[in-house]
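What follows is one structure encoded as structure tokens, with my remarks underneath.
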Amino acid sequence: MEKKQFDVTGMTCAACSARVEKCVGKLQGVRSVQVNLLAGSMTVCYDERATNVEAIEHSVEDAGYGAHVRQEGETAAASGLERMRQEQDGMRRRWWWSLAFLFPLLYIAMGHMLGWPLPPFLTGDGHALLLALCQLVLLLPIMVLNRKYYTVGFKGLLRGSPNMDSLVAMGSFAAFAYGVYAVVRIGMGTGAGDWETVRRFAHDLYFESAGTILTLVTLGKYFESKSKGKTSEAITKLMNLAPTTAILVRFGMEKEVPVSEVRVGDLVRVKPGGRVPVDGVIEQGSGSVDESALTGESLPVFKQPGDAVLTATINRTGAFTFRATKVGRDTTLSHIIELVNEAASSKAPISRLADRVSAVFVPTVIAIAVVATAVWLLLGRPFDFALSIGIAVLVISCPCALGLATPVAIMVGTGRAAECGILVKSAEAFEKAAKINTVVLDKTGTITEGRPQATDVVSRTIERKELLAVLAALERLSEHPLAEAVLREAERLSVPRREADAFQVVPGMGVEGDVDGRHYRAGSLAFMRRCGADVTEYADEAEALANEGRTPLFLADEGGVLGLVAVADVVRPSSREAIGQMRRAGWEVVMLTGDNRRTAEAIRHELDIPHVVAEVLPQDKDREVLRLQGEGRSVAMVGDGINDAPALTRADLGIAIGSGTDIAIESADMVLMKADLRGAVTALRLSRAVLRNIRENLFWAFIYNIICIPLAAGVFYSLLGWKLSPMLAAAAMSFSSVSVVLNALRLRRFKPLASS
């Protein structure tokens, strides 16, 4: 199965994207097709044995649009942003030139109504033909400048797939055609001396309406494009983070080269203040690295040999050399950009209603315009009155607002999530997250740090550092996870290094060996009792620590117990706040852990978690999520994305917490780049905000058309005298699209309750 990205040109509204999806979806071998109107892109998944790129491109072209496959190495974000900039430049030029011709056109056509002076050769019935021809000459450049509406609009109309351009083209061309007819009648009236006819048609030219429609629509599209550009601001910021050069170390010499020349395995030097050009692992040196752009972590992280560094992070202090492990499109930054872009390109289920409406919207509007015109003619109204009604209906009914309602909110939402260190894989994830009422949390690596730490050192016989020095000497030869915690604590306190001899492991109990000529034993309470050591002196401390979920590790010599070190997988500092926020927001919180009930209860009391399920195997977590779903709950599973993969997949929403590993990205709907549970709260709250914004956009888009189409059709004219001119219709249509985009941009101001 092949998956390709295409750039699609010529789309202007939801009807266009629906037409492209329908045409490509009909091709044999095409499994799925997603068109992003906002980015002008299309993702097609197809069987290469049944169809190919050329057939897909031809299908889009037959629908009246352009398409070309995106080249390798060309990111979707970069392609979309460049095309958006080109469109903005073109529309800005078109608008300024249109305005240059529209001002004199409006002055000549409407100046006399406002008492503005006109040249003598343009006043009076005898000069009416010259006045009309001047208006026609000023309108023609505006039509040529905005000819895209006619070429695309009429082409779509002829192919049976009318779009927004079709409405604008029909409305403005109808005004132009009637104006030309009026010029002919003015000429005939002038020749025949029929001044009544001349005066009547001199006031019904409609050239200024056609020019104003085209200019205002172009202005609206320009503002819309500018606003849509802001929705991609987060992606732009991410793209701008990547450095363009790197300092390679070869044969002991440093050389600055373009990043494109860096290969996997190369040694790269990063100096103070420099950006990391590619992903890698530090081999020499150390530094404090600012990872805020990728993870949202505000404080720099100290990095030393063996630690991973990511593209675009900033080395604030120190200097180091690292070996490149991922370059080009394989780097974490590139992966993030593509994930954000793919999520923005995907569709939420809520958008299906807009898609269904858009598919029949334009033909329905054309029918309404024709019927409204015919009805007013049958009621005895003049042709110019009926024509203005039809033009107003065509122009005001642009489905842009409807088509933009969902994608702009999704794009702004995914961008804001990326700025908070949250990767959202699809638009559907937002909708699923907004419906969550139960949050299931894995303990190890999610609520806790994920690795044991020494929390307490208790001794009444020898100094604490001496106790740690002996214990570290024994544990240095052990492979037990608790040994790592003891060694890290000894290193943190700069305890002098000791060596152990005659080392032995007692399976399931502990270790023993000689340090500085004395024999020591280290291990569990059961090991101490087995060896005959009296633990009475430390029994109360050991019991209290065990009740808090900490594991006591005793040290004894031939004379008895010397003290103990408590080891635990400590709770992350942010977990208490995050769980409190979840409960205040109304989500029910459940903790799943494979630990014993004693440890689980200790953490439950510490964090005030309502429900805990302990001694659960990885494969049983999936069944626990299924049980909760069976009770009618919508479940979000938050885990590390490795042993929690089945539960992450089973849950209504999977959130992987950690550094964004491949397994996490595959299993989860959302990935938190920083190991901070508050990020899950931010993700869920942001999802609610995005879905609320989409509903607001769809509501106003529907309401706009429900109110404006009858108004333009003259439904209220007989009762209230309300009639919408084509020029006001064009302004209202442009405003509706821009207002939807501006409403979506409010999501950029979303503030997480805490740094995520």
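Heavy-atom basis, side chains included; hydrogens, waters and symmetry copies ignored. In this text, all values refer to a predicted model and were calculated from it rather than measured experimentally.
A distance-only check finds no donor-acceptor pair linking the side chain of Y520 to the backbone of V511 [under 3.5 Å]. Looking only at distances, no side-chain donor or acceptor of T321 sits under 3.5 Å from a matching main-chain atom of G285. S334 places no side-chain N or O within 3.5 Å of a backbone atom of D330 that could act as its donor or acceptor partner. Using a distance-only test at 3.5 Å, with no hydrogens or angles considered, a donor-acceptor pair links the side chain of R275 to the main chain of A312. Within the 3.5 Å criterion, the main-chain N or O of C531 finds no donor-acceptor partner in the side chain of R521. Judged by distance alone, with hydrogens and angles left aside, the side-chain atoms of T331 form no donor-acceptor pair with the main-chain N or O of D279 at under 3.5 Å. Remark: the backbone N or O of S260 is paired with a side-chain donor or acceptor of R263 at under 3.5 angstrom. Checked by atom type and distance alone, the side chain of T438 never pairs as donor or acceptor with a backbone atom of E588 at under 3.5 Å.
The number of heavy atoms from other shown groups lying within 6.0 Å of CZ (R598) is above 12. Surrounding CZ of R627 are more than 12 heavy atoms belonging to other residues, nucleotides or ligands, all under 6.0 Å away. Counting non-hydrogen atoms of neighbouring residues, nucleotides and ligands closer than 6.0 angstrom, the CD atom of E606 exceeds 12 such neighbours. Counting non-hydrogen atoms of other residues, nucleotides and ligands closer than 6.0 Å to CD of E254 gives a total above 12. Crowding of E283 atom CD: a count of heavy atoms from other residues, nucleotides or ligands under 6.0 Å exceeding 12.
Ionic pairing of E463 and K465 is not present here: no N-O contact between side-chain nitrogen and carboxylate oxygen is shorter than 4.0 angstrom. R604 and E601 are joined by a salt bridge, as a carboxylate oxygen and a charged side-chain nitrogen come within less than 4.0 angstrom of each other. Between D652 and K435 there is no salt bridge, since no side-chain nitrogen of the basic residue lies less than 4.0 Å from a carboxylate oxygen of the acidic one. Ionic pairing of K303 and E291 is present here: one or more N-O contacts between side-chain nitrogen and carboxylate oxygen are shorter than 4.0 angstrom. Of the charged side-chain nitrogens involved, none lies within less than 4.0 Å of a carboxylate oxygen, so that E624 and R650 do not count as a salt-bridged pair. Of the charged side-chain nitrogens involved, at least one lies within less than 4.0 Å of a carboxylate oxygen, so that D266 and R250 count as a salt-bridged pair.
Applying the side-chain contact (heavy atoms from CB on, under 4.5 Å) test to N437 and every residue at least two apart in sequence or in another chain returns R633, S634. The side-chain contact (heavy atoms from CB on, under 4.5 Å) check on A490 picks up A472, V495, with sequence neighbours excluded. For R476, the side chain to side chain donor-acceptor pair (under 3.5 Å) criterion is met by no residue, not counting sequence neighbours.
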Kindly determine whether T446 and L677 satisfy side-chain contact (heavy atoms from CB on, under 4.5 Å), including the steps that lead there. CA-CA 7 Å; T446 301; L677 195 54; 3.8 Å; yes
Might you work through the side-chain contact (heavy atoms from CB on, under 4.5 Å) test for I314 and R316, ending with a clear yes or no? CA-CA 6 Å; I314 304 171; R316 295 298 185 190; 3.8 Å; yes
Can you list the steps and then say if H519 with E512 is a side chain to side chain donor-acceptor pair (under 3.5 Å)? CA-CA 7 Å; H519 192 73; E512 59 182 308; 2.8 Å; yes
Run the numbers on L564 and L545 for side-chain contact (heavy atoms from CB on, under 4.5 Å), then give the verdict. CA-CA 11 Å; L564 63 86; L545 291 168; 3.7 Å; yes
Just do the side-chain contact (heavy atoms from CB on, under 4.5 Å) check on E489 and V565 with the steps written out, would you? CA-CA 10 Å; E489 182 68 7; V565 174; over 6 Å; no
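Partner of I447 under the side chain to side chain contact (heavy atoms under 4.5 Å, CB included) criterion, chosen from V638, I609, D442: I609.
The side-chain heavy atoms of D307 and V289, taken from C-beta on, include no pair separated by under 4.5 Å. Side chains of S286 and F320 form no contact here, defined as non-hydrogen atoms less than 4.5 Å apart. Using a 4.5 Å cut-off on side-chain heavy atoms (C-beta onward), I655 and L672 make contact. Two residues are said to be in side-chain contact when any heavy atoms from C-beta on lie closer than 4.5 Å; D608 and R583 meet this criterion. A 4.5 Å side-chain heavy-atom check between R576 and V571 finds every atom pair outside the cut-off. For the pair V470/I462, no side-chain contact is recorded, criterion being any heavy-atom separation below 4.5 Å from C-beta on. By the 4.5 Å heavy-atom criterion applied to side chains, L592 and L441 are not counted as neighbours. Two residues are said to be in side-chain contact when any heavy atoms from C-beta on lie closer than 4.5 Å; L553 and E475 meet this criterion.
Nearest heavy atom pair, residue P752 against residue T682, reads CB-OG1, 3.3 Å. The two residues A651 and M637 make their nearest non-hydrogen contact at CB-CB, 3.6 Å.
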